[in-house]
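These figures come from a predicted structure and were not determined experimentally.
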Amino acid sequence: SNTIFHTYYFDMSVFLSLFVIIPPSLQLILDLSSPCWHIESEIPSRDVERVAGILSRGFRDEVRRTGKITLNGTVPGYVLQDMHRKGMIGDPLAKDHDVKYRPLSRLTWLYRTSLPLPSEPQVEEEGDKYLLVFEGIDTAAYIVINKIHVFKSHDNQFRRTVIELKRDQIGGGGNHSDSAKGLNLTIEVVISSAVEEADKRAFEYPHVVPPVSFPDVQHGEKHRNFLRKSPSSFSWDWGPAFVPAGIWNP
């Protein structure tokens with residue numbers, strides 16, 4: 001029967017897709033993986049000058065004026081990659097840039113995108129549900145749908161997060177459209193600083209968990225054991241400490 005299940009599936013990965021299962025023989029796929037994501041970070045006032053100073057010259061005045069970093073982003077990807085593409089920073093792997101750009105790892109980053117959902121008469125039935133599936137967010141994050149519905153939380157780089165939405169939820173937040181035009185969906189992923197989150201959890205934990213420091217030559221970040229995130233991103237004897245943030249999983 002065409003009426004038993006109507007499931008929308010968003011796969012946030014290299015191939016972000018929207019699958020409409022209505023019967024099994026019919027499948028609608030929308031590719032959402034693109035450079036059409038907006039990324040921004042509101043910089044704490046105490047850090048604005050420090051962050052502006054590490055950016056390329058053409059971007060410093062705007063950051064000082066607005067207190068924000070804004071750019072277009074690509075999913076899948078990482079903030080540092082997109083900043084490098086835009087020319088906001090130099091090559092992260094050159095020289096001592098892992099130390100120079102370390103203040104960026106202490107910021108909270110917002111990923112946002114909006115898209116219209118096609119309205120198909122045969123799927124507009126009571127009980128329709130949508131599954132929003134994140135294959136890989138790095139790392140501590142929460143998700144906002146249409147600026148109203150907050151889904152908390154994701155804190156594991158390696159795990160899938162699945163959010164079930166009802167049709168009335170997707171129509172909320174001032175984004176409701178009539179059936180002729182379909183529905184609009186705004187997805188926001190707010191990614192906290194992994195450095196700050198790990199430090200916070202270590203402070204709240206009643207016991208000391210090593211390592212609590214690195215050799216000075218590594219310029220590492222401590223408390224990596226408090227997050228399910230690639231340990232090498234906090235520094236290793238063979239690699240830099242970028243502690244990156246992004247929607248990453250292929």
Straight-line distance of [X] [atom1] to [Y] [atom2], nearest 0.5 Å:
X: Ile145; Y: Ile187; atom1: CD1; atom2: CD1; result: 5.5 Å
X: Tyr101; Y: Met88; atom1: OH; atom2: CE; result: 11.0 Å
X: Asn146; Y: Leu185; atom1: CG; atom2: CG; result: 5.5 Å
X: Trp37; Y: Arg112; atom1: CH2; atom2: CZ; result: 11.0 Å
X: Asp82; Y: Tyr111; atom1: CG; atom2: OH; result: 5.5 Å
X: Asp138; Y: Ser230; atom1: CG; atom2: OG; result: 8.0 Å

>> Determine whether Ser192 and Glu197 satisfy the following criterion, side chain to side chain donor-acceptor pair (under 3.5 Å), listing intermediate values before the conclusion.
In response: CA-CA 7 Å; Ser192 302; Glu197 185 66 24; 5.0 Å; no

Just by modelled atom types, is the [Y] backbone N or O under 3.5 Å from a matching donor or acceptor in the [X] side chain?
X: Ser193; Y: Val195; result: yes
X: Trp248; Y: Gln157; result: yes
X: Ser56; Y: Gly87; result: yes
X: Ser235; Y: Gln218; result: yes

>> Do His223 and Glu221 pair up side chain to side chain, a donor and an acceptor below 3.5 Å, judged on atom types alone?
In response: no

Hey, any chance [X] and [Y] share a hydrophobic cluster, counting ILVMFWY side chains that come within less than 4.5 Å of each other, even indirectly?
X: Trp236; Y: Phe226; result: no
X: Val79; Y: Val243; result: no
X: Leu80; Y: Phe234; result: no
X: Leu227; Y: Ile247; result: no
X: Val99; Y: Leu104; result: no

> Of the options Asp155, Val209, Asn225, which is the one that meets Arg201 in a side chain to side chain contact (heavy atoms under 4.5 Å, CB included)?
Replying inline: Asp155

> Tell me, do Pro244 and Lys229 make a side-chain contact under 4.5 Å, heavy atoms counted?
Replying inline: yes

>> A side-chain contact here means heavy atoms from C-beta on lying under 4.5 Å apart; do His84 and Asp91 qualify?
In response: yes

> Is there a side chain to side chain contact (heavy atoms under 4.5 Å, CB included) between Arg60 and Glu62 once you walk through the steps?
Replying inline: CA-CA 6 Å; Arg60 294 174 186 173; Glu62 179 183 356; over 6 Å; no

>> For Tyr205, is the OH atom crowded, meaning more than 12 foreign heavy atoms sit under 6.0 Å from it?
In response: no

> Can you tell me if CG on Asp237 sees more than 12 non-hydrogen neighbours from other groups inside 6.0 Å?
Replying inline: yes

>> Quick check on salt bridge (Lys or Arg N to Asp or Glu O under 4.0 Å): which of Arg64, Arg65, Arg57 does Asp61 satisfy it with?
In response: Arg64

